[in-house]
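Let me begin by presenting the structure, written as structure tokens, before commenting on it.
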Amino acid sequence: MTALDPQNTIAFMGVEGANADLACRQYAPYMQTLGVPSFEDVFEAVKSGRASLGMIPIENSQAGRVAEIHNLLPRTNLHIVAEYFQKIEHCLLAPKGATLETVKDVYSHPQGLMQCREHIREMGYTAHTYSNTAAAAADVAAWKDVSKAAIASPLAGELYGLTVLKEHMQDADNNITVFIVISREPADPNPDKGTVLTTILFSVRNLPAALYKSLGGFATNNVNIVKLESYIPGGQKREAAQFFLTLEGHPNQKPVQQALEELSFFCKKVTVLGVYMADKNRFV
């Protein structure tokens, strides 16, 4: 196996052939990919220098939120430096000799099963959850059982020598997963070259209507909010809710500066997680 050059490596959660692996190869075709067991391991690979970049899925257009980066990213000194929109193409993969009729059981990550649930139901298959789509493909290849199939990427089919029994297993054609790219060094994109996004994490003070008031500065300064999510740190109900917000604009631009200043007045803490260029497909 060829040794990886850390400066030319991008880490993802999963094994070779996973959708995240495919996203890494499409986003950075000049880089080597490094699969690790968990999202925490992706952050650690970048933090320790085993990889210069990491890629994390944060949401899917059909299944919703994917990774809890709200809990992971603030505990590191890493930065969001890019976003990447990947169109998900799920295939039904099986060993040689299998047909749609011989297959009885399908294996995939819970997200993959959720995104293909209508097709699975219509075809009468029994779904089984797996840690990763590509891991499911690897095991189906090893089993060589024509009654078992995996739902995974076309790349996984190629890597593990499986036959594509059905393309486009996903229930929706507009099945998109949004990834973020993380790095030890922050990005400083030029707003003149396209739409810049800024992602922040904040918690409001214990004041009446604090959230409402804190967001008012974005409206008065004509700053567009493209994402706003609340979550409880660590899942502890006694903790105050924190908010994950992505806006259009660069912190150096005056309207954004003024909006963030007003936000800070009503907040206990505001942390900038990243400033980066919007993916060109965000506004398609």
Side-chain angles (χ1 to χ4, degrees), residues 6 9-15 18-24 27-28 31 33-61 63-86 88 109-112 114 129 131-135 176-187 197-204 225-247 251 267-279:
T9 298
I10 181 168
F12 66 95
M13 189 206 80
V15 298
N19 279 302
D21 182 21
L22 181 60
C24 288
Y27 170 75
M31 299 185 78
T33 61
L34 171 66
V36 294
S38 69
F39 292 127
E40 289 88 344
D41 291 324
V42 175
F43 283 87
E44 182 57 34
V46 178
K47 184 179 177 181
S48 66
R50 288 177 63 205
S52 61
L53 299 176
M55 183 171 270
I56 301 281
I58 59 169
E59 65 179 297
N60 176 267
S61 58
R65 183 188 294 180
V66 179
E68 296 294 336
I69 65 161
H70 322 76
N71 288 323
L72 297 173
L73 194 54
R75 300 203 301 260
T76 73
N77 291 319
L78 303 179
H79 309 271
I80 302 173
V81 295
E83 67 171 359
Y84 180 71
F85 282 45
Q86 182 195 30
I88 299 298
H109 186 275
Q111 287 280 339
M114 186 182 302
T129 60
S131 61
N132 184 272
T133 56
I176 304 293
T177 294
V178 181
F179 289 83
I180 58 166
V181 180
I182 56 174
S183 173
R184 291 185 299 278
E185 298 298 327
L197 301 179
T198 298
T199 294
I200 63 174
L201 191 70
F202 67 93
S203 55
V204 296
I225 295 174
V226 299
K227 184 183 185 72
L228 176 63
E229 292 182 341
S230 65
Y231 78 103
I232 306 297
Q236 301 297 318
K237 292 184 178 180
R238 66 179 179 271
E239 296 287 340
Q242 294 193 8
F243 298 89
F244 182 84
L245 182 150
T246 298
L247 60 91
C267 291
K268 292 185 289 185
K269 185 177 182 181
V270 178
T271 304
V272 177
L273 299 180
V275 183
Y276 49 98
M277 298 301 297
D279 187 281

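Only a predicted model underlies this, so the values are computations on that prediction, with no experimental measurement involved.
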How many angstroms lie between CD1 in I182 and CD1 in I56, if you round to the nearest 0.5 Å?
5.0 Å
Would you name the heavy atoms of A18 and F12 that are closest together and state the gap between them?
CB-CE1, 4.3 Å
If every non-hydrogen atom of S230 is compared with every non-hydrogen atom of F243, which pair is closest and at what distance?
CB-CE2, 3.5 Å
Does a sphere of radius 6.0 Å around NZ in K227 hold more than 12 heavy atoms from other residues, nucleotides or ligands, not counting ones at 6.0 Å or beyond?
yes
Which residues pass the side chain to side chain donor-acceptor pair (under 3.5 Å) test with Y27, sequence neighbours left out?
none
Distance-only criterion, 3.5 Å: show the donor-acceptor pairs between side-chain atoms of residues 39-47 and protein atoms not counting sequence neighbours.
{"unit_1": "E40", "atom_1": "OE1", "unit_2": "S38", "atom_2": "OG", "d": "3.4"}
{"unit_1": "D41", "atom_1": "OD2", "unit_2": "S38", "atom_2": "N", "d": "3.3"}
{"unit_1": "D41", "atom_1": "OD2", "unit_2": "S38", "atom_2": "OG", "d": "2.9"}

M31 versus S52, closest heavy-atom pair with distance:
CE-OG, 3.3 Å
I need the minimum non-hydrogen distance between E185 and H79, along with the two atoms involved.
C-CD2, 3.8 Å
Measure the CD1-CD1 distance between I88 and I176 for me, rounded to the nearest 0.5 Å.
7.5 Å
So OG1 of T177 and CD of Q86: to nearest 0.5 Å the spacing works out to 6.0 Å
Please test Y276 against T246 for side chain to side chain contact (heavy atoms under 4.5 Å, CB included), starting from the C-alpha separation and ending with a verdict.
CA-CA 11 Å; Y276 49 98; T246 298; 3.9 Å; yes
Would you say that more than 12 heavy atoms from the other residues, nucleotides or ligands in this model lie under 6.0 Å from the CZ of R50, or not?
no
I180 CD1 to E59 CD distance, which is reported to the nearest 0.5 Å
10.5 Å
Apply side chain to side chain contact (heavy atoms under 4.5 Å, CB included) to residues M55 and L53 and explain how you reach the verdict.
CA-CA 7 Å; M55 183 171 270; L53 299 176; over 6 Å; no
Quick one: are I80 and L73 in side-chain contact, heavy atoms under 4.5 Å?
yes
At their closest point, which heavy atom of C24 faces which heavy atom of T33, and how far apart are they?
CB-CG2, 3.7 Å
Residues 70-84 vs salt bridge (charged side-chain N to carboxylate O under 4.0 Å, His left out), sequence neighbours excluded, gives E83-R282
Quick check for you: to the nearest 0.5 Å, what is the distance between F202 atom CZ and Q242 atom CD?
10.0 Å
With V275, the side-chain contact (heavy atoms from CB on, under 4.5 Å) member among V81, T198, T199, L197
T198
Identify the two heavy atoms, one from M13 and one from A20, that lie closest to each other, and give their separation to 0.1 Å.
O-CB, 4.0 Å
